[in-house]
Amino acid sequence: MSGAAGCRGGGGERGPRWRRPWKLLALGLLSASSVLAAAPGAGAMSKEEKRRLGNQVLEMFDHAYSNYMDHAYPADELMPLTCRGRVRGQEPSRGDVDDALGKFSLTLIDTLDTLVVLNKTKEFEEAVKKVIKDVNLDNDIVVSVFETNIRVLGGLLGGHSVAIMLKDKGEYMQWYNGELLHMAKELGYKLLPAFNTTSGLPYPRVNLKFGVRHPEARTGTETDTCTACAGTLILEFAALSRFTGTSIFEEYARKALDFIWEKRQRSSNLVGVTINIHTGDWVRKDSGVGAGIDSYYEYLLKAYVLLGDDSFLERFNTHYDAIMKYISQPPLLLDVHIHKPMLNARTWMDSLLAFFPGLQVLKGDIRPAIETHEMLYQVIKKHNFLPEAFTTDFRVHWAQHPLRPEFAESTYFLYKATGDPYYLEVGKTLIENLNKYARVPCGFAAMKDVRTGSHEDRMDSFFLAEMFKYLYLLFADKEDMIFDIEDYIFTTEAHLLPLWLSTTNQTISKKNTTTEYTELDDSNFDWTCPNTQILFPNDPMFAQSIREPLKNVVDKSCPRSISRAEESLGSGPKPPLRARDFMASNPEHLEILKKMGVSLIHLKDGRVQLVQHAVQAASSLDAEDGLRFMQEMIELSSQQQKEQQLPPRAVQIVSHPFFGRVVLTAGPAQFGMDLSKHKSGTRGFVATIKPYNGCSEITNPEAVKEKIALMQRGQCMFAEKARNIQKAGAIGGIVIDDNEGSSSDTAPLFQMAGDGKNTDDITIPMLFLFNKEGNIILDAIREYEAVEVLLSDKAKDRATIFKGKMIPNYIIDSKLEMENMDQKLSENDSHQQNSEEASSASQDVGTVGEEPEEGESSDVSDSDPLSLAQADSDSVSTSDQDSSIPGLGEAGPPEPACTQGDEQPQRGQCSIECYQAHDLGCSDGSSEDGCCAALGFGSVCQVSEAWLLSPLLK
């Protein structure tokens, strides 16, 4: 999301609620910078340091942009771990994320105006020529209307805006004749079929070639869209209309905004996350300022700034008043129910809300902006990046971080509003973290898990479009820019639209037909952009005084007053059922819940959700009991998360032909052996129990004894399963989710809770695998019968797994490998020199495979202990993998045998040194390390120490 670069808008007459005459003042956000940055005691960053950091941002951009152009273009995005382009249909589907890809060189278009902001005018001119020459918008592909609008249409319009600016200056782009605008208009017409609904809300997806309802479109059956998806169109569509004089685009975008406004919840003035595009009914009735709604609010305010239509400001201020009344719980921003705004809808926040402090700066409400921004910064300092979602007590909820720019955006706007050099230091931290943790040889890679530092083969186009733009502007002085950034407003993708559009081709009536504006405190309706010299009169320490109480907000309990629910409940009578006593499998408890109007919903990811409908309660007293029960459950859940949140565990398949290369992310149990205190973990062969659910006495104890038991989730408590397999002699247990298709890639970490009783009698480790990961083990059993796994707190490198041991005979398929070795023994002499060189290389970096000393951890485990990191492109290809395991049921071609001379162990007993040499690199087609073949690895080229745990699936 992006804020406005400038604070200017068109004029207009005030609505009927306001009788005083008014004038919109163009007071830029930069007014305080020079005053406060030089204030005594403010700790201003030197001009040399600012220039150094600005140059560092330029170098980082060059690293990302050049790698995209060299390794990915004309593909939509760069895959920075494998150094290739992401082409839709040629890589495994990532679901909705791929809807942004349309085979239209997305990253290049999204980056156009960034090149000009960073003073790379020659590169910009070359890029525009490439877009005009190479990009095809008439592809038979289904794309997201929202993403295509903000990234591609916005990118073309932003490119056009700076192109005509450069042309007017007379040095560059003299040949330009509006080609990008012609492409933008073509794309605009391709998006219009999505608006063919009775409500005027667009379908979420459209086929660029066939539209929506065409038989070959493969879309048009959707019924829902998110509020932001339908409400984040007005800037790009209005700009397209103003640039071209074709009013239809602005008309369609206004109609969608009008419909959402009319469907707001009138008592709370909030909107939900998801709406039915045909009926206008709210599908998801929770409301916040993060994912699904965020840029709807942003575009209401910016539409006023760009277009000068005061009805957009009236709407924004109405919503903003509701946000600050219900959602804002400083420094937190928590989702609520639109019909019951005093009741929180969830106990976690998503990272997209990081744009909101920047929007509050544009609004002029600086104090809560500083508070929320500081809270987010403390989370970043704890995890290096902002997790995709985190709880109210600042624990990781979703661990991914796709290099989102929203926090950098808010940092930039807070610096421009306050001039406080503290925000320059924040920007410096962002730069350092990106270079230290996300930078890879072919660009910058998204974080798959901020807790472990593992990477994802992904560099989204918005990283180039937004992140570098905001970071450069943060450190740039006015003389560093070739144009005045205050003459433009930023779209939500940080594309530049000129403010003079407000007076150009005004084919639309300024005043929207809206009704029933809620009477609010008139002081909330600011009709000027914030004058920072008034906001901070002679007080350069203002921002610091607001931040100071929040310095330890993450490491300590968040200082919160009594909650609204607690305040309303007081110390009244307790409900007949306490949350701590509730058991979902107890029929009596379920009957009590029903009486209180509380219902159970079993979610697809296996969790159980409780929802209360007071109107369904047996009486008003029962409804009150239900409300108390729900509040207790929320508090209990929060307490359990705080006290018992455990990190993910690892299930590592160590038998042939995996040898530790497959590491599955597993959920921990809140009972049984604590694997974090048993560094060696629990290792054993797996066995499927009977009955498979493990809810009664095990009938095949002889098969389970001294094994790790596999069982299915459901029908009884996890602790009961654990007791039954422990009684049968199992040394550990793995519970596999019974929800088809569930995966750790898409579902949050699952923890197995106890049964409310004392679980000290359970001494074996228990881990939970989602359905996709569990099927990997089950498939391996079907293929190889004997499957051995290691249950541990962190994945081990293979040299550690087999350290000090001869590799067992069972690892090798005796017949195949013996024949192979007999065949190749005669070739050993000719490759003796290569073997010695490989042995020497092994000794040079052999510490990678050594057991870490106490208090230390191996490089491999630290780099990515639990996630399946990407392999080098020359090692194991994963481009065509999904949930299948490469190599299962596939015998590789004969490979060279071990060539360690007289010291080489007999067939079937390769030493750990030979095994270790595989990790350090084998050359394709050679016998540098015959054990690579003898162990069933085939030819694996140059596996560096960073990829010892190279995965076989994503």
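- Separation of atoms CD (Glu147) and CG (Asp98) is listed at 11.0 Å; rounding is to 0.5 Å.
- In this structure, the side chain of Ser144 does not engage the main chain of Ala100 through any donor-acceptor pair within 3.5 Å.
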* To do: Apply side-chain contact (heavy atoms from CB on, under 4.5 Å) to Val206 and Thr148, showing your working.
  => CA-CA 10 Å; Val206 67; Thr148 304; over 6 Å; no

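- For the pair Lys103 and Asp140, the salt-bridge criterion is not met [side-chain N within less than 4.0 Å of a carboxylate O].
- In this structure, Ile762 CD1 and Met673 CE are separated by 12.5 Å, a value rounded to the nearest 0.5 Å.
- Atom CD1 of Ile708 and atom CG of Leu767 lie 8.5 Å apart (nearest 0.5 Å).
- Between Met711 and Met766 the shortest side-chain heavy-atom distance falls below 4.5 Å.
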* Verdict with reasoning, Glu406 to Ser351, per side chain to side chain donor-acceptor pair (under 3.5 Å) -> CA-CA 8 Å; Glu406 285 77 16; Ser351 63; 5.8 Å; no

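- Judged by distance alone, the side chains of Glu773 and Thr665 never bring a donor and an acceptor atom under 3.5 Å apart.
- Counting heavy atoms from C-beta outward, Leu78 and Thr107 have side chains that stay 4.5 Å or more apart.
- Classified by interplanar angle (parallel below 30°, tilted 30° to 60°, perpendicular above 60°), the ring pair Trp398/Trp348 is tilted.
- Residues Ile776 and Leu769 form no side-chain contact, since every pair of their non-hydrogen atoms from C-beta on lies 4.5 Å or further apart.
- With a 4.5 Å cut-off on side-chain heavy atoms, Asn433 and Ile380 count as touching.
- Of all heavy-atom pairs spanning Gly220 and Tyr203, the tightest one is O-CE2, 3.3 Å.
- Here the closest heavy-atom approach between residue Phe671 and residue Ala753 is recorded as CE2-O, 3.4 Å.
- Ala730 and Ile764 make their closest contact through O-CG2, 3.6 Å (heavy atoms, listed as atom of the first residue, atom of the second, distance).
- Going from atom CD1 of Ile293 over to atom SG of Cys226 covers 9.0 Å, rounded to the nearest 0.5 Å.
- In this structure, CE in Met447 is found 13.0 Å from CG in Leu386, a value given to the nearest 0.5 Å.
- How far CZ of Arg723 is from CD of Glu697: 15.5 Å, rounded to the nearest 0.5 Å.
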* Audit row: Ser742, Asp737, side chain to side chain donor-acceptor pair (under 3.5 Å) steps and yes/no -> CA-CA 7 Å; Ser742 65; Asp737 194 11; 2.8 Å; yes

* To do: For the pair Tyr68 and His71, evaluate ring pair (Phe, Tyr, Trp, His ring centres under 6.0 Å) and give the outcome as yes or no after the intermediate values.
  => CA-CA 5 Å; Tyr68 166 74; His71 299 295; over 10 Å; no

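- Under 4.0 Å is where a charged nitrogen must lie from a carboxylate oxygen, and between Glu91 and Arg84 at least one such pair does.
- Contact check on Arg205 versus Asp96 returns a salt bridge, with a Lys/Arg side-chain nitrogen under 4.0 Å from an Asp/Glu carboxylate oxygen.
- In this structure, the side chain of Asp335 does not engage the main chain of Arg346 through any donor-acceptor pair within 3.5 Å.
- Side-chain contact between Ile653 and Ile777: present, with at least one pair of heavy atoms (C-beta onward) separated by less than 4.5 Å.
- For the pair Cys716 and Asn693, the minimum side-chain heavy-atom distance is 4.5 Å or more.
- Annotation: side chain of Phe768 is in contact with side chain of Arg713 (closest heavy-atom distance under 4.5 Å).
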* Apply salt bridge (Lys or Arg N to Asp or Glu O under 4.0 Å) to the pair Asp674 and Arg649, showing each step before the final yes or no. => CA-CA 10 Å; Asp674 185 354; Arg649 306 302 190 201; 3.3 Å; yes

* Starting from the C-alpha separation in whole Å, work towards a yes-or-no answer on side chain to side chain donor-acceptor pair (under 3.5 Å) for Thr219 and Asn207. => CA-CA 7 Å; Thr219 189; Asn207 186 299; over 6 Å; no

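- Between the side chain of Glu720 and the main chain of Phe718, no donor-acceptor pair closer than 3.5 Å is present.
- Salt bridge present: Arg88 and Asp99 bring a charged side-chain N and a carboxylate O closer than 4.0 Å.
- Here the shortest heavy-atom pairing between Gly714 and Cys695 reads O-SG, 3.5 Å.
- With respect to the salt-bridge test (charged N to carboxylate O, under 4.0 angstrom), the residues Glu77 and Arg458 do not qualify.
- Contact annotation: the side chain of Arg151 approaches that of Leu106 to within less than 4.5 Å [non-hydrogen atoms, C-beta and beyond].
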